[in-house]
Amino acid sequence: MTTHDDGNLTTQQAPETGITPGGTTGAFKDVLAKDHARRGKPPIHLVDMNAAEREQAAKAIGMPKFRVKQLANHYFAHYDTDVASFTDFPSKLSATAQEAFFPELIHEVTHQSADDGTTIKTLWRLFDGAMIESVLMRYPSRTTLCISSQVGCGMGCPFCATGQLGLTRNMSTGEILEQVRIAAKTARDGGIAGGPCRLSNVVFMGMGEPMGNYRSVISAVRQISAMPPEGFGISARNITVSTVGVVPGIRKLAQEGLPVRLAVSLHAPSDALRDELVPMNRRFNTTQVLDAAHDYYLATKRRVSIEYALMRGINDQAEHARLLAKRLNHYGDDWAHVNPIPLNPIEGSKWTASKPEDERQFLDILHRAGITATLRDTRGQDIDGACGQLSAKYRKTA
């Protein structure tokens, strides 16, 4: 994906690694991590290849092409990558097939458990030593995985732990999907409190700006939602893609024909305040973002989630709620669902959670204005729950 000052999107493909388009043109510049560099690409995985590339890889190791479907079925239907254990696969090919199709892309460093074992946050090390996080959460009616799409994040939002890390690089489709496979296997095998269950929802709300790694994210979405042996069979309607407001990405996503939910991290109802909280607003302002989000609703018939982290004395007062309601009601239809989120503050930050009475008042004003709004059920408050906190802590102690 390549963006220009006029907000148009070219057909040039986004790079798999390296700086996101926002860092090269326009008013916004990506905040880069100290160790940002043009790194080598991750090893190629089965899910990084299209059908022709998989057949070519099979031919290169002397493997009949029909074996590729067997490998894909083990991966997507059984969450398994240990080729040597596949009873329907010839042992003489297992080692070469393992190397060619299932290189290890993510390796667990540590994990934390919270909420009586129904929340598991995992820190992963990638091939180049980079760290990312994912969170598996079990609810009464669903099991949700929050995944990362970039190493760090270049958006620079001052209240966000990941934003303080800066952007190191984009993740490959394989690195993204390995988070899903392992979580699905964990859920199936009873690795989360409550016994065996099925992973039902995936949200791209972990580390990174998904629209900054558009090609890999869309490839991952398609494979998460396709049925085995092409994907994990999780309904696209149960997948959420978030963004801080990268307008060209929102508009491109609306054309993909995927009924995924769009979540926009708004956090402020005015440009003056949002410029401070979400630096990307200097490139695509609130009007551009809300217009694009409403157009997404019109194109997909899927209500958009407006994410709004409540910060004490900053954006949580009655005036902010009234202006937010006015901005959303401007479009004249029930197109948005607001998720006010109690902030999970990062250590040493001036940004802190709202008072309970201010949270209640904020919700009440939205409801009286006819806005559907639900206070987010926060998870992981007794661990390093906010995205980027565990990675930041590990970097300090390692």
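If you read the sequence from its start, that first residue is 1, and numbering goes on from there. For the numbers below, each heavy atom of this structure counts, side chains included, while hydrogens, waters and symmetry mates do not.
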**Asked** Does a donor on one side chain and an acceptor on the other come within less than 3.5 Å for Tyr79 and Asp189?
**Response** no
**Message:** Quick check on the hydrophobic clustering: are Val180 and Met227 connected, directly or via other members, by side-chain heavy-atom contacts under 4.5 Å?
**Reply:** no
**Request:** Please report the C-alpha distance between Phe101 and Val68 in whole Å, then the side-chain angles of each, then the deciding distance to 0.1 Å, and finally whether the side-chain contact (heavy atoms from CB on, under 4.5 Å) criterion is met.
**Result:** CA-CA 9 Å; Phe101 292 98; Val68 172; 4.3 Å; yes
**Message:** Keeping Ser242 on the side-chain end and Phe204 on the backbone end, is there a donor-acceptor pair under 3.5 Å?
**Reply:** yes
**Asked** With a 4.0 Å cut-off, would you call Arg67 and Glu55 a salt bridge?
**Response** no
**Request:** Taking the side chain as every heavy atom from C-beta outward, state whether Thr186 and Leu199 have any atom pair closer than 4.5 Å.
**Result:** no
**Fill in**
CG of Leu105 to CZ of Arg125, rounded to nearest 0.5 Å, is 14.5 Å
**Prompt:** Just checking, any donor-acceptor pair under 3.5 angstrom between side chains of Ser94 and Gln98?
**Reply:** no
**Message:** Could you go through Arg181 and Tyr75, starting from their C-alpha distance and side-chain angles, then the distance that decides it, and tell me whether this counts as side-chain contact (heavy atoms from CB on, under 4.5 Å)?
**Reply:** CA-CA 8 Å; Arg181 178 189 68 83; Tyr75 186 84; 3.2 Å; yes
**Request:** Write down the atom of Asp88, the atom of Gln70, and the distance for their closest heavy-atom approach.
**Result:** O-NE2, 3.0 Å
**Request:** Nearest 0.5 Å please: distance from the CG atom of Leu277 over to the SG atom of Cys160.
**Result:** 12.0 Å
**Donor-acceptor contact below 3.5 Å, side chain Gln164 vs main chain Cys157** = yes
**Heavy-atom closest contact (Pro42 atom, Arg169 atom, distance)** = CG-NH1, 3.9 Å
**Asked** Can you find a pair of side-chain heavy atoms, one from Val241 and one from Val221, that are under 4.5 Å apart?
**Response** yes
**Request:** Keeping the roles fixed (side chain from Arg138, backbone from Ala193), state whether a donor-acceptor pair exists under 3.5 Å.
**Result:** yes
**Prompt:** Can Met311 be reached from Phe362 by stepping across I, L, V, M, F, W or Y side chains whose heavy atoms are under 4.5 Å apart?
**Reply:** yes
**Item:** All side-chain contact (heavy atoms from CB on, under 4.5 Å) counterparts of Ala236, not counting sequence neighbours
**Value:** Ser225, Pro259, Val260
**Request:** Can you establish whether the number of heavy atoms outside Gln56 located under 6.0 Å from its atom CD is more than 12?
**Result:** no
**Message:** Using every non-hydrogen atom in the two residues, find where Gly208 and Ser149 come nearest and quote the distance to one decimal.
**Reply:** C-OG, 4.2 Å
**Item:** With sequence neighbours excluded, residues passing side-chain contact (heavy atoms from CB on, under 4.5 Å) with Ala369
**Value:** Ala325, Asn329, Ile371
**Request:** Using the side-chain contact (heavy atoms from CB on, under 4.5 Å) rule, take Ile106 and Ile182 through it: C-alpha gap first, then chi angles, then the decisive distance, then the call.
**Result:** CA-CA 10 Å; Ile106 66 175; Ile182 296 171; 3.8 Å; yes
**Prompt:** What about His45 and Phe102, are their ring centers closer than 6.0 Å?
**Reply:** yes
**Any donor-acceptor N/O pair, Asp115 side chain to Gly117 backbone, under 3.5 Å** = no
**Item:** Residue pair Pro64 / Leu93: nearest heavy atoms and the distance that separates them
**Value:** CD-CD1, 4.3 Å
**Prompt:** After noting the C-alpha distance and the side-chain angles of Phe127 and Glu175, does the key distance pass the side-chain contact (heavy atoms from CB on, under 4.5 Å) rule?
**Reply:** CA-CA 9 Å; Phe127 83 102; Glu175 290 172 323; 3.8 Å; yes
**Residues in side-chain contact (heavy atoms from CB on, under 4.5 Å) contact with Glu256, at least two apart in sequence or another chain** = Tyr214, Ile218, Arg222, Lys252, Leu253, Leu258
**Request:** Measure the shortest side-chain to side-chain distance between Asn50 and Arg54 over non-hydrogen atoms and say whether it is less than 4.5 angstrom.
**Result:** no
**Request:** Find out if a path of hydrophobic residues (ILVMFWY) with successive side-chain heavy-atom gaps under 4.5 Å connects Leu298 to Ile306.
**Result:** yes
**Asked** What closest approach, in Å, do Met137 and Ile192 show between heavy atoms, and which atom pair accounts for it?
**Response** C-CD1, 4.3 Å
**Request:** Output yes when a side-chain donor or acceptor of Gln317 lies under 3.5 Å from a complementary backbone atom of Glu319, and no otherwise.
**Result:** no
**Asked** How are the rings of Tyr297 and His294 set relative to one another: parallel (under 30°), tilted (30 to 60°) or perpendicular (over 60°)?
**Response** tilted
**Prompt:** Taking atom NE2 of His107 and atom CD of Glu178, what is their separation to the nearest 0.5 Å?
**Reply:** 13.0 Å
**Message:** What I'd like to find out is whether the side chain of Met171 reaches to under 4.5 Å of the side chain of Gln179, using heavy atoms alone.
**Reply:** yes
**Item:** Residue pair Thr240 / Met205, side-chain heavy-atom distance below 4.5 Å
**Value:** yes
**Item:** Leu145 side, atom CG; Leu136 side, atom CG - distance, nearest 0.5 Å
**Value:** 6.0 Å
**Message:** Can you confirm whether the side chains of Glu209 and Thr243 place a donor and an acceptor under 3.5 Å from each other?
**Reply:** yes
**Polar side-chain atom of Ser113 near backbone of Ile120 as donor-acceptor pair, under 3.5 Å** = no
**Request:** Scan residues 298-314 for pairs that pass side chain to side chain donor-acceptor pair (under 3.5 Å), counting only residues two or more places apart or in two chains.
**Result:** Arg303-Asp334, Glu307-Asn339, Glu307-Arg376
**Request:** Would you give the length of the straight line joining atom CG of Leu323 to atom CG of Asn315, rounded to the nearest 0.5 angstrom?
**Result:** 11.5 Å
**Item:** Minimal non-hydrogen separation, Ile234 against Ser200, with atom names
**Value:** CG2-O, 3.3 Å
**Asked** Any side-chain heavy atom of Arg198 sitting closer than 4.5 Å to one from Thr143?
**Response** no
**Request:** Please answer whether the main-chain N or O of Leu328 pairs with a side-chain N or O of Trp335 as donor and acceptor at a distance below 3.5 Å.
**Result:** yes
**Request:** Examine distances only and state if a side-chain atom of Arg188 and a backbone atom of His78 form a donor-acceptor pair shorter than 3.5 Å.
**Result:** yes
**Request:** State, yes or no, whether a side-chain contact exists between Pro248 and Phe284 at a heavy-atom distance under 4.5 Å.
**Result:** yes
**Message:** What's the separation between atom CG in Leu343 and atom CD1 in Ile314, rounded to the nearest 0.5 Å?
**Reply:** 10.5 Å
**Item:** Main-chain N/O of Leu32 paired with Asp30 side-chain donor or acceptor, under 3.5 Å
**Value:** no
**Item:** Any side-chain donor near an acceptor of the partner, Asn213 and Gln150, under 3.5 Å
**Value:** no
**Message:** Which label fits Phe232 and Phe76: parallel for a plane angle under 30°, tilted from 30 to 60°, or perpendicular past 60°?
**Reply:** perpendicular
With a 3.5 Å cut-off and sequence neighbours excluded, list the donor-acceptor pairs that the side chains of residues 266-274 form with protein atoms.
residue: His267; atom: ND1; partner: Ala309; partner atom: N; Å: 2.9
residue: Ser270; atom: OG; partner: Leu273; partner atom: N; Å: 3.4
residue: Asp271; atom: OD1; partner: Asn281; partner atom: ND2; Å: 3.1
residue: Asp271; atom: OD1; partner: Thr286; partner atom: N; Å: 2.9
residue: Asp271; atom: OD1; partner: Thr286; partner atom: OG1; Å: 2.8
residue: Arg274; atom: NE; partner: Leu266; partner atom: O; Å: 2.8
residue: Arg274; atom: NH1; partner: Asn281; partner atom: OD1; Å: 2.9
residue: Arg274; atom: NH2; partner: Val244; partner atom: O; Å: 2.4
residue: Arg274; atom: NH2; partner: Ser265; partner atom: O; Å: 2.9

**Complete:** Residue pairs meeting side chain to side chain donor-acceptor pair (under 3.5 Å), one or both in residues 363-374, sequence neighbours left out, come to His337-Thr374, Asp364-Arg368
**Prompt:** Quick one: do the Asp82 and His74 side chains pair a donor with an acceptor below 3.5 Å?
**Reply:** no
**Message:** With a 4.5 Å cut-off on side-chain heavy atoms, are Leu71 and Asn73 touching?
**Reply:** no
